[in-house]
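A quick write-up on the structure given underneath.
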Amino acid sequence: MSRVAFALAACLALSGCSSSDSQPEPEPFPEKDWPAEAATLLEGSDWYRHAVFYEVYVRSFQDSDGDGIGDLKGLTSRLDYLKELGVDAIWLMPIMPTPFKDSGYDISDYEGINPDYGSMADFEALLAAAHQRKMRVIMDLVLNHTSDSHAWFSESRKDKTNPKADWYVWSDTPSAPNNGCGTANPTFGDSAWQLDPARGQYYFHRFYPEQPDLNYQSPAVVDATLGVARFWLDKGVDGFRCDVIGLLFESASECDLVPETRDYIKKLRKVLDEYPGRVMVAEPSKLTDASGYLGSGSDMFHMAFHFGYGYFWGLPFAAQNADGIVDTFEKSLATYPAGAQDALVIGSHDVQRAFTVAQGDDTKHQRAALIQLTAKGTPFVYYGEELALRPGKQEVVDQRDAARTPMLWDGSAGHGFSTGQPWIAFGGGADQYNLEAEQGDPESMYAFYRELFALRRGRAIWGTGAMEVLETGTPTVFALYRADDFMAYVAAVNMSDEAQVAELVRPELGARTSRVLGAGTLTLTSGGATLSLPAQAGAIFRVR
Ligand code: GLC
Ligand code: MG
């Protein structure tokens, strides 16, 4: 495997890299005390707009007891790693008790901890340790369905008259009232109805048959699930990532975000607002339009994942054409309500590793991450992407396991993950692409992520500054202009395998330029600037 050869690493210092070696070193731009700024931004109620979030699969992060399964104590022992990396908040994939038919997204007890991962005391210790380091913790809230082993379902399925008889969606026929909202997803099968012989009826399941959908037409279900949110908020969690939250209610004509679902989300938001500083981020089901989840900007979600970019960047990069990226950001800029915050990803536990999406081209992964980390919004980085973890081959639950293999901390046999047999085989290239190896390599993916995180740190402009998608005159070059009242940047990516020169059209782009990351030059002109990027390169220029 070749080493990461992305030109970004050519300019490691965060400020003062000159745009061309032949030019005299320009006067430095004014700076602030960035660590102090970071502390202030991350303490306020808008902390989530300035935080770097990191998604953790506890099962695969760090094992503490040698059983081969990552656990809460293990994660706690790695908080210093995350802090050092530049992570401000972690999102925990489900950690509740589960029969594990959907990797924990099938919950059998909303108020417990999966014994594989530890105890409630371990969770409380994790939360305290994170807060002590001024890091936040949000958790997955999976409200559309439970496990079929949940006590609620055991009761509901008994007969048609028990107190929880209407807590799930039951029907005499495997069809309406939510025709059309069934599964058409190869992961979950093709029928959304399952016959329950005991009750003599079919129940609706949008996902695996072991994940019956809760019936939100029942007010008791609304109360019980809002109670689940309160339970964890009372424990001190900083918020939630809400799983497939658009699917709570189905109607005959529509499945996603019907008016009753919006009303529920507003109720959930009101519960959160009783607790200062808590936030929630939506997993939108409409992959190319998250705006519906953001309501007025203050009555539904604080953030929603931008899958229009995050789950589709592989296509424009493969085509060496930025049009699709331009479109999705133009759309979010035009449709998101004022006050809403974009949540930017390039992947998650549900899709392939960035390494795979990038077809093994680390420069593509880095260029995609450069857009994720410089566009207006809050980045959510999936664990291991900072090392460019390679996919695994073993399947324990389903094919998504390829992107859920253990974290690679070092080059030893257990890779620092576990002293026992890991629950799933390590991903590819584990001897070469692990933290220990990459820490010693200034051109590694790890070095790249650290550099970008450091460039974000304390600079409010990334989370909340204005954003414009610049006209570049060519689909091979994507460029953003970011500005607030203190500073301005141009972030640019060459989509193509060949060097590109683009004319950026925008009067008053800046006063002078200084490249702070990457490779290439930016020369200001009266109508904008001339941007020159080497093949497969990205760059960030400060222009004010
Ligand atoms: C979400 C989760 C996914 C899970 C599904 C059902 O899409 O991200 O992993 O399988 O919901 O809970
Ligand atoms: Mg363990």
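Side chains of Asp234 and Tyr275: a donor on one and an acceptor on the other come within 3.5 Å. Side-chain atoms of Asp148 and Tyr208 form no donor-acceptor pair, as typed in the model, at a separation below 3.5 Å. For Thr378 and Trp462, the side-chain atoms include no donor-acceptor pair closer than 3.5 Å. Of the N and O atoms on the side chains of Asp243 and Asn144, not one donor lies less than 3.5 Å from an acceptor on the other residue. In the model, Tyr168 has no side-chain atom that pairs as donor or acceptor with a side-chain atom of His205 under 3.5 Å.
Ion pairing between Arg400 and Asp398 holds under the 4.0 Å rule for side-chain N and carboxylate O. A salt bridge links Glu155 with Lys164: the closest approach of a Lys/Arg side-chain nitrogen to an acidic carboxylate oxygen falls below 4.0 angstrom. A salt bridge links Arg367 with Asp361: at least one charged nitrogen is closer than 4.0 Å to a carboxylate oxygen. Between Glu274 and Arg230 there is a salt bridge, since at least one side-chain N of the basic residue sits less than 4.0 Å from a carboxylate O of the acidic one. Salt bridge Asp350/Arg404: present, at least one basic N to carboxylate O contact under 4.0 Å. In this structure, Asp196 does not pair ionically with Lys158, as no charged nitrogen and carboxylate oxygen lie closer than 4.0 Å. Remark: Asp80 engages Arg133 in a salt bridge, criterion side-chain N to carboxylate O under 4.0 Å. A salt bridge links Arg241 with Asp140: at least one charged nitrogen is closer than 4.0 Å to a carboxylate oxygen. For Arg199 and Asp159, the salt-bridge test fails: no basic side-chain N is under 4.0 Å from an acidic carboxylate O. In summary, Lys286 and Asp289 do not engage in a salt bridge, as defined by a charged side-chain N under 4.0 Å from a carboxylate O.
Side chains of Leu387 and Asn434 form no contact here, defined as non-hydrogen atoms less than 4.5 Å apart. Looking at Leu143 and Tyr216, their side chains come closer than 4.5 Å, going by heavy atoms from C-beta outward. With a 4.5 Å cut-off on side-chain heavy atoms, Trp409 and Glu436 do not count as touching.
Residues Trp91 and Phe305 place their aromatic rings such that the two centres sit under 6.0 Å apart.
Arg450 forms no cation-pi arrangement with Tyr81, by the criterion of a distance under 6.0 Å to the ring centre and an angle within 45° of the ring axis. Judged by a 6.0 Å distance limit and a 45° cone about the ring axis, Arg157 is not positioned over the six-membered ring of Trp167. With a 6.0 Å cutoff to the six-membered ring centre and a 45° limit on the axis angle, Arg269 does not count as a cation-pi contact of Phe301.
Note on ring orientation: taking the six-membered ring where Trp is involved, the planes of His150 and Trp152 are tilted (angle from 30° to 60°). The aromatic rings of Phe53 and Phe380 sit parallel, their planes meeting at an angle under 30°, below the 60° perpendicular limit. Between Trp193 and Phe204, the two ring planes are tilted [angle within 30° to 60°].
Remark: side-chain polar atoms of Asp67 are paired, donor with acceptor, to backbone N or O of Ile69 under 3.5 angstrom. Side chain of Gln194 to main chain of Tyr203: no donor-acceptor pair is present (N/O by atom type, distance under 3.5 Å, no hydrogens or angles). Side-chain atoms of Asp166 do not come within 3.5 Å of backbone N or O of Ser218 as any donor-acceptor pair. The backbone N or O of Cys242 sits nowhere less than 3.5 Å from a side-chain atom of Glu283 that would complete a donor-acceptor pair. Panel note: side chain Thr146, backbone Ser108; no donor-acceptor pair is recorded below 3.5 Å. With hydrogens and angles ignored, the 3.5 Å screen pairs a side-chain donor or acceptor of Asp106 with a backbone N or O of Phe100.
The two residues Val228 and Glu111 have their closest heavy-atom pair at CA-OE2, 4.3 Å.
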Report the C-alpha distance between Asp88 and Arg136 in whole Å, list the side-chain angles of each, state the deciding distance to 0.1 Å, and finish with yes or no for salt bridge (charged side-chain N to carboxylate O under 4.0 Å, His left out).
CA-CA 6 Å; Asp88 306 300; Arg136 319 257 180 165; over 6 Å; no
Verdict with supporting geometry, Trp232 and Phe123, ring pair (Phe, Tyr, Trp, His ring centres under 6.0 Å)
CA-CA 11 Å; Trp232 293 103; Phe123 177 71; 5.4 Å; yes
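Here the NZ atom belonging to Lys73 is positioned 4.5 Å from the CG atom belonging to Asp122, to the nearest 0.5 angstrom.
Between Leu248 and the options Thr261, Leu257, Leu268, a side-chain contact (heavy atoms from CB on, under 4.5 Å) holds for only Thr261.
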